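The structure appears right after this line, and notes come after that.
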Amino acid sequence: MDEKFKKPYDPAATEPRIYEAWEQSGYFNPDNLPADLLAATEGKAFTIVMPPPNANGNLHAGHALFITLEDILTRYKRMRGYRSLWLPGADHAGFETQVVYEKKLEKEGRSRFGMDPQELYNEILAFTLENKKNMEAQVRSLGASCDWSREKFTLDPDVVEKVQKTFIKMFEDGLVYRGKRTVNWCYKHQTSLSDVETENSEEVTPFYTFRYGPFEIGTVRPETKFGDKYVVMHPDDARYKDWKHGQTLEVEWINGPITATVIKDSAVDMEFGTGVMTITPWHSQIDFEIAQRHSLPMEQIIDWRGKLLPIAQEFAGINIRDARPKIVEKLKEKGLLVSVDENYKNVVKRCYKCQTVIEPQVKDQWFVKMAPLAAMAVTAVNKGDIRFIPDNFEKIFRYWMENAIDWNISRQIVWGISIPAWEKDGEWRASLTSPGEGWVKDEDTFDTWFSSGQWPLLTAGYPNGSDFPTYYPSDVMETGHDLIFKWVPRMVIFGLYLSDQPPFHTVYLHGLVNDAHGKKMSKSKGNVVNPLDLTNKYGTDALRMALVVGNAPGTDLALREDKVKGYKHFANKLWNITRFILENAPVSDATLNETDLALQQEFKELVADVTTDMDEYRMHMAAEKLYQYAWHRLADVILEESKPIFLGTDEAAKASRSAFLHSTLADLLALLHPFMPFVTEEIWSSIPAKKNYLMVTAWPK
RNA sequence: GCGCGCUUAGCUCAGUUGGUAGAGCAUCCCGUUUACACCGGGCAGGUCGGGGGUUCGAGUCCCUCAGCGCGCACCA
């Protein structure tokens, strides 16, 4: 028996050594897997594309969860004889990273505004590459058996070029268009944002009712109302039936009399307020749509920094935050303020990074025409080409695809992939290089989801790389349920659009990792758990088990330190089970007696049960069953019952029990390996059954 | 407003197609007879949120109500 079993299992001393050995072995690369292992599937591929972590900081508990789940699937399939590829990556994370970097600049008393764009880009690139190394080291420490030789970065030159070519193809296919439309504008970050980059918050805002000629109109935003010269009501509203569409009238307004025009539009809710509203098309989505329907002119009231433009006359140059009370005061003095409801509940859109109130602004941007693409995605789901785990997420996916709105892919930030579009005299062309003299390049960059949406294709080298189509489509997309409408649909759409097939057949969605009381982790609450602190204290295997057991797909998890501690004890339990067997059971290939055959049968049923769980993505069940068997069946009962046998004189019984224990230990280590790769590999290296690494040993039958 | 999810032992959660309620941690009692005190043995603890229905049988399926959480939405 190896002397090491006389001391408790020491994860810290073991894990780096084991990971190094795995990496050296080359088996993370599916092209190097042993032929006898692959024989089981005749070399079929199994591919998971890693959701590329943002290369802008440390890994958090959510990363630890997805790395654990994906590594379990990869290791399981590898042991089942698949050419298992888990392809790692790193995301430049456009806006996210730029926000992180801007905070860093702020701390240094600097600002991105006024910086040379190329200089800023280079600084962020250096920062990102440094973080990327850090991130990769952390992924390794969690035991990820991914193929580093294939690692991709979203700013690799070939990735950038392919992303740009996709845009060009979409431009030629009429799936992207240049549109002057309402966008979500963040004053702090000076960029437009997609709908998924904003959050809604319900807030209590004063609701003002003003006299507008013969009408009363309601608003929460008096500061936008300078240019309001269209008064809108529902065509069926009996109260206003005497007012005709297009009719004009003189009204006294903020800065004097104006000529207003009556517009009838069914977008107006008759039940709300007085049923009459004025519109500010430049700064409201719904007003914009009404204005479009009636071909009304629109004018910008607030500039890109949040200050009132000259149309506001005496208020020009004032920040809208400060302008509101002043304007209300003026309207009140003019006798135009009818009432104020101080308890009005209103939904306000905010920037998901800085919580700045989002301003609708009208801007020329590139939009993806979503309807035809989304229809393809719905068809694929209807045909059963994509399965969701848990399956209720299919409804959410479907809802999102059936209500898809056109996607703004232009960002006014430097940190991203440049949009290959050129403009001359109002005409736009899409091209990698300038179409000729006088063409001006679009300065904007792509929304980061435009590139990450193509990730499964890009990692496989679409359309002509050596891994395409060997490792495309991939098998499982494992990611957080919060990405069900941010990332997953975009991957499905790009996969179908570019390759005519979905990029994966299964979408496995995990929940959030919360704190011990089920509360969302946040820096401001101070309840953030650093996964590496836990692995340093209890070992990586312990953390992995704590993240998996009892964590049903799609549901959130409360991560408690005592749970991690419990599985550290379990790793040690395996250690001591091994010690007992090595000390007491001489190696034997004796035929099993009746008692031991029954034990073997019981174990075989466990193997079958666990295998089914794994095939059905019930990793949480499999892990718990293995834990129960190892501790409360094998250790508590079978080993205890073995003691008198080994102390006795019945040599046949000893031989039989020894044979059973050795084979069961070997198989149990194999079954546990995907969950607890380090301790199982370390034990495996010291038992008689060992041939090659446990990582490339066949899954028990 | 629409949609989704959750409500099971003190805490955190499992419970695959409906078949006599489970785990970990915590608590309490006992134990060092040596694989392991990073341990072992044992006790206690739940009318599975309320109500109704389908069924021979429901934590599991259906309806309804309540509470909590989350997402979506152009009510100015």
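Small disclaimer: the values here were computed from a predicted structure and weren't measured. Sequence lines set the chain letters: A, B, ... in the order given, protein chains first and strands last, and positions in each chain run from 1. Side-chain atoms are counted along with the backbone in the values below, which use heavy atoms only and exclude waters and symmetry mates.
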**Report entry** Nucleotide nearest A558(A) when distance is taken to its side chain, options rC75(B), rU12(B), rC38(B)
**Finding:** rU12(B)
Query raised in the report: If you measure from the C1' atom in rU12(B) to the same atom in rA26(B), how many Å do you get, rounded?
Result: 11 Å
Query raised in the report: Mind checking the P distance from rC29(B) to rG69(B)? Whole angstroms is fine.
Result: 39 Å
Query raised in the report: Strictly by modelled atom types, are Q628(A) and E624(A) linked by a side-chain donor-acceptor pair under 3.5 Å?
Result: no
Query raised in the report: Do the side chain of Q628(A) and the base of rA14(B) come within less than 3.5 angstrom through a donor-acceptor pair of N or O atoms?
Result: no
Query - Minimum-distance nucleotide to W400(A) side chain [options: rC74(B), rC4(B), rC72(B)] - result: rC72(B)
Report task. Could you give the distance separating rG10(B) and rG49(B) at their P atoms, to the nearest angstrom? Result -> 13 Å
Query raised in the report: Which part of the nucleic acid, if any, lies within reach of G539(A) when heavy atoms closer than 4.0 Å are counted: base, sugar-phosphate only, or nothing?
Result: nothing
Requested in this report: Look at the side-chain N and O atoms of T219(A) and state whether any lies under 4.0 Å from the OP1 or OP2 oxygen of rC75(B).
Outcome: no
Query raised in the report: How far, in whole Å, is rA23(B) from rA14(B) if one measures between their P atoms?
Result: 16 Å
Query raised in the report: If the C1' atom of rC72(B) is compared with that of rC25(B), how far apart are they to the nearest Å?
Result: 38 Å
**Report entry** Canonical and wobble pairing (Watson-Crick, G-U, under 3.5 Å) of RNA chain B, dot-bracket with |
**Finding:** (((((((..((((.....[..))))..((((.......))))......(((((..]....))))))))))))....
Query raised in the report: Given rC38(B), rG15(B), rG24(B), which nucleotide is nearest the side-chain atoms of H620(A)?
Result: rG15(B)
Query - N403(A) vs rA73(B): side-chain N/O to OP1/OP2 distance below 4.0 Å - result: no
Report task. Can you establish whether the number of heavy atoms outside R293(A) located under 6.0 Å from its atom CZ is more than 12? Result -> yes
Report task. Please check if atom NE2 in H632(A) has more than 12 non-hydrogen atoms from other residues, nucleotides or ligands closer than 6.0 Å. Result -> yes
Report task. Would you mind telling me which of rC74(B), rC75(B), rA35(B) lies closest to the side-chain atoms of D269(A)? Result -> rC75(B)
Requested in this report: Tell me whether the OP1 or OP2 atom of rC70(B) has a side-chain N or O from H481(A) closer than 4.0 Å.
Outcome: no
Report task. Measure from the side chain of H569(A), starting at C-beta and using heavy atoms only, and say which of rG41(B), rC38(B), rC75(B) lies closest. Result -> rC38(B)
Report task. Verify salt bridge (Lys or Arg N to Asp or Glu O under 4.0 Å) between D596(A) and R657(A), making sure each step is shown before the conclusion. Result -> CA-CA 6 Å; D596(A) 293 333; R657(A) 179 54 57 97; 2.8 Å; yes
Query raised in the report: Expressed in whole Å, how much space separates the C1' atoms belonging to rU16(B) and rG22(B)?
Result: 15 Å
**Report entry** Closest to the L639(A) side chain, choosing from rC75(B), rA35(B), rC4(B)
**Finding:** rA35(B)
Query raised in the report: Hey, are W282(A) and E299(A) close enough side-chain-wise for a donor-acceptor pair under 3.5 Å?
Result: no
Query raised in the report: Once you round it to whole Å, what is the distance between P of rU16(B) and CD of E616(A)?
Result: 13 Å
Query - Polar contact flag, side-chain donor to acceptor under 3.5 angstrom, H60(A)-N530(A) - result: no
Query raised in the report: Just to confirm, is there a sub-4.0 Å distance from OP1 or OP2 of rG40(B) to any side-chain nitrogen or oxygen of K573(A)?
Result: yes
**Report entry** Sidechain N-carboxylate O distance under 4.0 Å for R387(A), E616(A)
**Finding:** yes
**Report entry** Separation between the C1' atoms of rC13(B) and rA21(B), rounded to whole Å
**Finding:** 15 Å
